Amino acid sequence: MSLSTRLRLGLAGVAALAVLSFGCAGTATDELVIGEYGSLTGNDATFGQSTKQGVELALGELVAQREGRIGGLKVRVVAEDDQGRPEEAATVVKKLLNQDRVCAVIGEVASSRSLAAAPICQEAGVPMISPSSTNPRVTQVGDYIFRMCFIDPFQGTVMARFAAQNLHIQRVAILKDVKNDYSVGLAQFFTEAFTNLGGSIVTEQAYSAGDQDFRAQLTNMKARSPEAIFVPGYYTEVGLIARQARELGIKAPILGGDGWESEQLLQIGGEALDGCYYSNHFATDNPDPRLQEFLKSYKARFGKESDAIGGLAYDAAKVLFQSLEKLAEQDPETFKGLASSKAGTAARRTAGKKLRDIIATTTNFAGVTGTITLDENRNATKPAVVLAIKDGKKVYDTTIHP
Ligand code: PHE
């Protein structure tokens, strides 16, 4: 037997012993597993990538400050790619629950995907925190579903007020993504608020995510001479819509919501987006020290500026860690039910319920996206900012309070 073979056999023996002794103890492999799902690929891949990085940054701090442990258990995050498809979101969340035995889930960004996966978490009694889904129906799925952001009835009002009062606009055309719950909802909330303010919607046109050619809809719109076009969609299509609108000679500003938020928005839309506005969860030029500190560490770690989704995901992870810590302190026995080995047991159900109760009491949490207090419907009440696009840059314009 060669030396290296003997060495390998020796090592295998040690490994086997280790497995045996841990096996007897029963808890050596116990972890606190947190699931995270998002569009790491697909039509709006920056949404999922930013979420993953925001969570990673928060986990990195937990590792640096507390050896990555809560209540004695090692925290591990499992991230899944749903490719931006609601059916796939449901599939990966089932995998996180059944295979990875997660005690809580962070995700999704897009409301349609959160809506597909939320009933599964609710049914399992496992809390789900969406960082950034704004459609009101998401948290209505049930009492285990939370979010870190404002909701669209407010966001729609923000842009309606901005159009009517700041831009003094009365005639708006809408172009919405008909297969996207967020887009359909935000178009409706904007319409209600804008018409209440005395404005009118001169036409409403439709598209579907993945479309490349919007000239027919834009030509219809042009004939009604709107003073602005409201596009409650995601960045990929928004960039193309802006370019084609300018090609057709439409000079009216284009307005939108948080779905525009992506490092790729300006790469896709270019100069066509100059003079346009959208509502968002933060402005990176806000001097708030907490936000600036976050942006600095994000940049140091990932080499680029965080978008609002990165900030919301970071806040979601922090709120979850804080809630887990509270449970570990207040009720260490119940807390043990969150350990990976307890998935599917009555102890897990009890612990999941307690964790839910603690998350629900989140009050004045100092987030990088603002102060987070959850209301009785598990939504955060926060101000929105309106960003202006000027000379190829996003700049802070206004804050609108609830
Ligand atoms: N609010 C959007 C939705 O509900 C998702 C989103 C949030 C996109 C933040 C970009 C930034 O679908």
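For ligands, and for the atoms within them, numbers begin at 1 and follow the listed sequence. Everything numeric in this text was worked out from a predicted model, so none of it was measured. Just so you know, residue 1 is the first one in the sequence shown, and it goes up from there.
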Proximity flag Gly259 to ligand 1, non-hydrogen atoms under 4.0 Å: yes

Contact (N/O only, under 3.5 Å) between Ser111 and ligand 1: yes

Ring geometry between Phe47 and Tyr234 (parallel below 30°, tilted from 30 to 60°, perpendicular above 60°): perpendicular

Ionic contact status for Arg66 with Glu325, cut-off 4.0 Å: yes

Heavy-atom nearest option to atom 10 (C) of ligand 1, drawn from Leu265, Val138, Val109, Asp258: Asp258

Donor-acceptor under 3.5 Å (Glu305 side chain, Lys299 main chain): no

Under-4.0 Å salt bridge between Glu88 and Arg113: no

Contacts of Phe190 that satisfy ring-ring contact (aromatic ring centres under 6.0 Å, His included) - sequence neighbours left out: Phe194, Phe230

Atom indices of ligand 1, in the order listed, that fall short of 4.0 Å to a heavy atom of Ser133: 4 (O)

Within-shell test, Gln155 vs ligand 1, heavy atom, strictly < 4.0 Å: no

Distance-only N or O hit between ligand 1 and Tyr234, under 3.5 Å: yes

Contact (N/O only, under 3.5 Å) between Ser132 and ligand 1: yes

Test: Arg137 and Asp181 ion pair at under 4.0 Å: yes

Proximity of Phe47 to ligand 1 by residue part, where a heavy atom lies under 4.0 Å: side chain

